[in-house]
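Just so it is clear, the values below take in all heavy atoms, side chains as well, and ignore hydrogens, waters and symmetry mates. Order of the sequence lines sets the chain letters (A, B, ...), proteins ahead of strands, with each chain counted from 1.
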Amino acid sequence: MITRRQLIKTGMAGSVVLLAAGFLASPQPDLPAASQGHLVFLQTGDAQIIRSLAPVMLGMAGLALEDIVRGVDVAIANLLPAVQQELRQLFDLLGNRWGRRWLAGVHSPWAQAAAIDLAAFLRRWQQSPLLLLRSGYQALHALINAAWFGNPASWTALGYQQPQQIMGLLP
Amino acid sequence: MSLPDPVAEGVASGWRVLDGAAQTQDLQLSCDVLIIGTGAGGGMTAEVLAEAGLDVLMVEEGALRTSRDFRLLEAKAYPELYQESASRKTADKAINILQGRTVGGSTTVNWTSAFRTPAETLNWWGERYGLKSLNPQTMAPWFDLAEARLGIADWQTDPNPNNSVLERGCQALGLKHGRIRRNVRGCWNLGYCGMGCATNAKQSMLVTTIPGALQHKAGLLTRARVERLLPAADGKSLLGAEGRLLAADGHSLNGQQFSIKARHVVLAAGAIGSPAILLRSQLGGAQVGKRTFLHPVVVSGAVMPQRIEAYNGAPQTVYSDHFMHTQPLDGPLGYKLEVPPVHPLLMGVTLSGFGAGSAGLMQQLPHLQVVLALLRDGFHPDSQGGQVRLRQDGSPELDYPLNDVLWDGVRRSWLTMAELQFAAGARQVQVLHEQADLQSSWKAARAQIMQLPLKPLLARVVSAHVMGGAAMSSQPEEGVVDEYGRHWQLRNLSVIDGSVFPTSIGANPQLSIYAFALRAAHHLRDALNS
């Protein structure tokens, strides 16, 4: 586990950390995942990170994980190039085994990581003294929640539906 | 029966509308008045000038989406209609900004709340900034005109349950409150204003002044991003503007460029976009992009025993200005209480926490009631707002530091909201902060709120009102434009949008922008036609 002292050092060189991700060995996917369909932004390893984190982030089992991966991909594809670049750094960092182990504190590859370890990672970044790690958590939170709750498949469980008096009149 | 789409019909009937994405060659255009941006400022200006017989060309970075594109679907609406898919953020990512990016700008997606600029704000501008002729009396006719044009009137229907909770809470605590006027005609009371109005009831620029201008032979070029204004050799005027056309996806470049010559240029790209264009044109001046205000908003959620269905019904119909008046205007920040509509995607993204806790809250969505407090920034000496700057690629970014005077307002307004929700019968209340959880009594909620650390990205802070950055001033060195939006240095440039305000408004700003735009546009019309 990374120490607080290391974290602070990391934070002082916050952007260097993210930049360093680019210099470390290219992300090594923890699992050769199945075909990704037509993802625009997410690479194989990124998709696995989303697949692993989504059930823990959303607190739900039995999710349509491939829909969430696609939703995250579409959401990122619609962001500014400058923001996409930051997200690329985030995913590269998490996808790298050193980044996963030492910055995220997740010891097993994403596909095998236990829910309790994934939750601990999310909790640490959510509550981190470092703005940079909090913003990394918030990015994952926003992307995964947008991908799931923007999907009509999530609505029944919420008791939500669009107003019926107009839906039939739409083109 | 299907719903009418008068804007699409107008385009089919031959309105002069060019889609940048469809162009296969560079465009060279000319006009009397080039209007950059089609939101509250640009839309109002376009109609006034086109009706006066001037050759008007509007340029919009977003696409032309009309009512048939509005499907009450967040996942479709946010990428198509909002800046950065409704996830635009300040530089440290601590504040999420909702801002429109489509024909009609934010008016196409706003929640239809219409307030005149508060008298105390106008008077402050007179006293503090020497803008004496912008007082409540001289502005009244412009508010009247804007209200008449956009059907702004009392909303006769009962508030939805989400708004009723705010009203009941105010009554229980003895807080002054009122009903919100709305810019709608024949509203269906659906609650999906934020995804574009599918019934064309909302009197946005998209269905009022822009069609009005197009009927008077104005032109509209969409999916066209202005890169820079073109100064004349004398350095005292502009020749026009140039930029790049965007592809059908709305953000990548389609490879073609455009260049527009104009007698006069109106910058109306909003309080982040307009300063950004000035900065990219190196026409900055010391004040450009400074003092950009947001009405930072904090949020409190309540689980009510009864069904609220805060996704149904007119989104904002009740407000309280009680806490705008409990302190001096330049003292601790005042705040306005309102409620937001609660739809699944935006709620999922905005709720704090993760895992079983937030899942439990989301599963009670029909019972969720949400109050927001909008902080009045820009009056207290320590509330200097943020600064618009450019990233390396030229895209704008707002640096808005959250400081002690703001955090003080955050804590006070959380306390108010939690107390109010319990007073209105809430079963549980949770302010949106990463260390807050559901509390079952006002006493417990108060104890928790008092110890929450006030830090960016722990407290949820959002904004839908970007103002300032190209402020009006009575002296050239103190601002960017005069009281009519005329640029102090460039004789044929006006800024007519929310960026001209020297402080925040202290109320939802659309009607303020409309009224100031009408005033500036009539002045400009007379100058150009004389």
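Interatomic distance, Leu81(B) CG to Asp69(B) CG, rounded to the nearest 0.5 Å: 8.0 Å.
Interface residue Leu351(B): only backbone heavy atoms are found under 4.5 Å from chain A. Only the side chain of Tyr192(B) comes within contact range of chain A, with heavy atoms under 4.5 Å apart. No part of Gln84(A) comes within reach of chain B, as not one of its non-hydrogen atoms sits under 4.5 angstrom from that chain. Interface remark: Ser87(B) contributes side-chain atoms only to the contact with chain A (heavy atom separation under 4.5 Å). Heavy atoms of Arg391(B) lying under 4.5 Å from chain A belong exclusively to its side chain. Contacts between Asp92(B) and chain A at a heavy-atom distance below 4.5 Å involve backbone atoms as well as side-chain atoms.
The residue among Ala147(A), Ala139(A), Pro152(A), Ala77(A) with the most heavy atom pairs within less than 4.5 Å of chain B is Ala77(A). Most heavy-atom pairs under 4.5 Å with chain B: of the set Leu79(A), Leu122(A), Val74(A), Asn151(A), this distinction falls to Leu122(A). Ranked by non-hydrogen atom pairs under 4.5 Å with chain B, the options Tyr137(A), Trp155(A), Trp148(A) are led by Tyr137(A). Taking Gly353(B), Ala356(B), Ala75(B) one by one and counting their heavy-atom pairs under 4.5 Å with chain A, the maximum is reached by Gly353(B). Of the residues considered (His251(B), Glu74(B), Arg88(B)), His251(B) shows the highest number of contacts with chain A, using heavy-atom pairs under 4.5 Å. Highest contact tally toward chain B, considering only Gln138(A), Gln165(A), Met167(A), is held by Gln138(A) [criterion: heavy-atom pairs under 4.5 Å]. Of the listed residues (Ser395(B), Gly250(B), Ser358(B), Ala359(B)), the greatest number of heavy-atom pairs within a distance under 4.5 Å of chain A belongs to Ala359(B). Of the listed residues Lys93(B), Glu309(B), Met362(B), Lys455(B), the one with more heavy-atom pairs under 4.5 angstrom with chain A than any other is Met362(B).
Note: Trp110(A) and Phe121(A) meet the aromatic proximity criterion, with ring centroids under 6.0 Å apart. The aromatic ring centres of Phe149(A) and His343(B) sit 6.0 Å or more apart.
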Checklist entry - Should Gln127(A) and Gln435(B) be marked as a side-chain hydrogen bond (donor to acceptor under 3.5 Å, both in side chains) after you check the CA-CA gap, both sets of side-chain angles, and the distance that decides it? => result CA-CA 8 Å; Gln127(A) 303 292 340; Gln435(B) 293 176 9; 2.6 Å; yes
Next on the checklist: I'd like to know whether Gln48(A) forms a side-chain hydrogen bond (donor to acceptor under 3.5 Å, both in side chains) with Ser52(A), so could you lay out the CA-CA distance, the side-chain angles of the two residues, the decisive distance to 0.1 Å, and finally the verdict.
Outcome noted: CA-CA 6 Å; Gln48(A) 182 56 54; Ser52(A) 297; 2.9 Å; yes
Item to check | Step-by-step salt bridge (Lys or Arg N to Asp or Glu O under 4.0 Å) determination, Arg244(B) to Glu227(B) | outcome: CA-CA 7 Å; Arg244(B) 294 170 188 273; Glu227(B) 297 284 344; 3.7 Å; yes
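Taking the charged nitrogens against the carboxylate oxygens, Asp67(A) and Arg70(A) do have a contact shorter than 4.0 Å, which makes a salt bridge. Salt-bridge annotation for Lys89(B) and Glu397(B): absent, with no side-chain N of the basic residue lying under 4.0 Å from a carboxylate O of the acidic one.
Other residues, nucleotides and ligands place more than 12 heavy atoms under 6.0 Å from the CD atom of Gln363(B).
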